[in-house]
K.L.:
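Attaching a single structure in structure tokens format; questions to follow.
A, B, ... follow the sequence lines: proteins, then strands. Residue 1 opens every chain. On a predicted model such as this, the values are computed, not experimentally measured, just so you know.
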Amino acid sequence: MPELPEVEHVVRALRRSVNGSRIVASEVTLPKLISPLSTAVFNRKLKNARITAVNRRGKYILIELDNRLTLAVHLRMTGQFLVLKPDDELPRHAHAVFYLEDERRLVFRDQRQFGVMKLLASSRINTLKGISELAPEPFSDEFSLAYLKETLAKSRRTLKTLLLDQTRVLGLGNIYAAEALFRARINPFKIASELSTKRVTRLHQAIRDVLRAAVSGNSSSRISLENAEGFSYGEAFGRIWQVYEREGEPCFKCGARIRRLTHGGRSTYWCPTCQRR
DNA sequence: ACCCTCACCTGCACGC
DNA sequence: TGCGTGCAGGTGAGGG
């Protein structure tokens, strides 16, 4: 599920539902999830730790504990958190269970098993491979027009590819990259360094607009970890994509048929008229 | 230093 | 019904 907005929703839901809770025990049934730690060490370090904060950096969820450790979680494609009440059955693909002092269980499930958890000293979070190199947060001052202009100027890759690179532009995934390019009326296969200043400006605005709309959309209040079905894209969020997953359908702006091409192993959708080369 | 390809997994929709 | 194919929202290792 998760691009930056979805991760932000998960973070907020975790804050509402488990911040302040104490973990009395944990269980991990998929060792690679927490590698390189052993499950024994992982469980021992978490025992009796209290969750003191839940934050986000890029698409990483940072669960801070009162023992100077932080659990950094990346959901990748299908990772989910949910909170079970005492009588609830453990769902399929539950790979880690955190038993809370009030009898609830915080569960991490992940159908495709791509998700990762790293437990390490809070002071060392920024040294974590994957986090240390991340581009500035899209809503920070650091992610300025000048930053984007310089970043694009340095790359001969296509925009679509570059927008997915979290070390250059943070927060977009395959959906929002396509949506941002549509919003900015820019062709996904354009070479980054060849973009005019006018277009860079439009793209900068579009990236923020698309992410902001998704973060602050009507969905956020409805999401709850106690109702896992709340976590999905598309209709469940009450949103319709402009181009994503709309191959062959008419563009909402001009009526042209939306096109799709597989590019670097992933689908790219665009309107051939609104987003000319 | 950069950029590309592939690998990591399960499950679903599709066509034969 | 069953089986093969392609596809799915993300990243990181390895190689050119």
Side-chain angles (χ1 to χ4, degrees), chain A residues 1-11 29-36 56-61 72-81 91-96 108-118 127-135 150-182 188-194 207 210-211 213-215 217 219 223 228-237 239-248 260-269:
Chain A
M1 38 180 283
E3 298 180 32
L4 184 143
E6 291 72 29
V7 175
E8 178 63 25
H9 287 307
V10 173
V11 163
T29 46
L30 185 71
K32 71 171 180 178
L33 172 65
I34 57 163
S35 144
R56 180 188 60 70
R57 174 78 176 101
K59 299 176 189 172
Y60 283 84
I61 297 165
V73 182
H74 199 300
L75 304 173
R76 295 287 177 92
M77 300 282 258
T78 50
Q80 286 185 306
F81 276 109
R92 281 191 84 185
H93 307 300
H95 305 310
F108 179 78
R109 69 189 293 226
D110 185 2
Q111 179 195 109
R112 290 174 75 180
Q113 305 180 14
F114 290 168
V116 288
M117 285 187 182
K118 303 280 179 194
T127 68
L128 233 196
K129 167 139 194 54
I131 290 189
S132 58
E133 311 273 286
L134 291 177
E150 278 166 38
T151 301
L152 296 188
K154 282 186 280 193
S155 173
R156 296 288 303 160
R157 296 147 90 187
T158 66
L159 281 171
K160 176 62 188 325
T161 303
L162 190 114
L163 291 183
L164 293 177
D165 182 343
Q166 304 297 299
T167 70
R168 310 304 159 102
V169 175
L170 188 61
L172 300 171
N174 209 32
I175 295 179
Y176 295 124
E179 296 293 313
L181 286 165
F182 174 78
F189 303 105
K190 181 108 185 143
I191 301 298
S193 59
E194 294 175 0
I207 289 167
V210 161
L211 291 177
V215 167
S219 52
I223 290 210
E229 302 319 306
F231 291 106
S232 58
Y233 280 111
E235 302 97 79
F237 264 28
R239 252 179 291 140
I240 303 169
W241 315 117
Q242 299 287 305
V243 288
Y244 187 76
E245 277 189 346
R246 295 198 65 239
E247 182 183 19
R260 175 176 82 97
L261 263 188
T262 340
H263 174 235
R266 343 198 44 198
S267 289
T268 291
Y269 297 84

K.L.:
Output the rounded distance in Å from CG (A/D165) to P (C/dG10).
P.N.:
13 Å
K.L.:
Between C/dT11, B/dC4, B/dT10, which nucleotide has the shortest distance from any of its atoms to the side chain of A/Q113?
P.N.:
B/dT10
K.L.:
Please report, rounded to the nearest Å, how far the C1' atom of C/dG10 is from the CG atom of A/L75.
P.N.:
10 Å
K.L.:
Determine whether a donor-acceptor pair (N or O, by modelled atom type, separation under 3.5 Å) exists between the side chain of A/E3 and the backbone of A/Y176.
P.N.:
yes
K.L.:
Between A/P2 and A/E8, is any pair of side-chain heavy atoms under 4.5 Å apart?
P.N.:
no
K.L.:
Phosphate oxygens OP1/OP2 of C/dA13: is one of them under 4.0 Å from a side-chain N or O of A/K129?
P.N.:
yes
K.L.:
Between A/Q166 (side chain) and A/L164 (backbone), is there a donor-acceptor pair under 3.5 Å?
P.N.:
yes
K.L.:
Return the nearest nucleotide to the side chain of A/F114; candidates are B/dT10, B/dC3, B/dC8.
P.N.:
B/dC8
K.L.:
Out of C/dT11, B/dC4, B/dT10, which has the shortest distance to the side chain of A/R76?
P.N.:
C/dT11
K.L.:
Is there side-chain contact between A/K160 and A/N174, with heavy atoms separated by less than 4.5 Å?
P.N.:
yes
K.L.:
May I ask which nucleotide in the shown strands pairs with B/dC6, Watson-Crick or G-U wobble, both distances under 3.5 Å?
P.N.:
C/dG12
K.L.:
Quickly work out the A/K118 NZ to C/dT11 P distance and round it to whole Å.
P.N.:
14 Å
K.L.:
Does A/H74 have a side-chain nitrogen or oxygen under 4.0 Å from the phosphate oxygens OP1 or OP2 of C/dT11?
P.N.:
yes
K.L.:
Please confirm whether the shortest side-chain N or O distance from A/R92 to OP1 or OP2 of B/dT10 is below 4.0 Å.
P.N.:
no
K.L.:
Taking everything shown except A/E247 itself, do over 12 heavy atoms lie less than 6.0 Å from its CD?
P.N.:
yes
K.L.:
Between C/dA8 and A/S267, is there an OP1 or OP2 to side-chain N/O distance shorter than 4.0 Å?
P.N.:
yes
K.L.:
Looking only at atom P, what distance separates B/dC12 and C/dT11, rounded to whole Å?
P.N.:
24 Å
K.L.:
Rounding to a whole Å, what distance do you find between A/L33:CG and C/dT11:C1'?
P.N.:
15 Å
K.L.:
Under 4.0 Å: is that the gap between some side-chain N or O of A/S155 and OP1 or OP2 of B/dC2?
P.N.:
no
K.L.:
Starting from C1' on B/dA1, measure out to NZ on A/K154 and report it in whole angstrom.
P.N.:
12 Å
K.L.:
Strictly below 4.0 Å: does A/R266 bring a side-chain N or O up to OP1 or OP2 of C/dG10?
P.N.:
yes
K.L.:
Looking across every strand, which nucleic acid part, if any, lies under 4.0 Å from A/G115 by heavy atom: base, sugar-phosphate, or nothing?
P.N.:
nothing
K.L.:
Between atom CG in A/L261 and atom C1' in C/dG6, what is the gap in whole Å?
P.N.:
16 Å
K.L.:
May I ask you to evaluate whether A/K32 reaches the phosphate of B/dC9, defined as a side-chain N or O under 4.0 Å from OP1 or OP2?
P.N.:
yes
K.L.:
Reckon A/Q111 has a side-chain N or O less than 4.0 Å from the OP1 or OP2 of B/dC9?
P.N.:
no
K.L.:
Any side-chain N or O of A/R157 less than 4.0 Å from the OP1 or OP2 oxygen of B/dC3?
P.N.:
yes
K.L.:
A/R76 side chain to A/T78 main-chain N or O, any donor-acceptor pair under 3.5 Å?
P.N.:
no
K.L.:
Could you tell me the separation between the OH atom of A/Y244 and the C1' atom of C/dG10, rounded to a whole number of Å?
P.N.:
12 Å
K.L.:
Expressed in angstrom and rounded to an integer, what is the separation of A/R156 atom CZ from B/dC4 atom C1'?
P.N.:
16 Å
K.L.:
Tell me whether the side-chain N/O atoms of A/K59 come closer than 4.0 Å to OP1 or OP2 in C/dT11.
P.N.:
yes
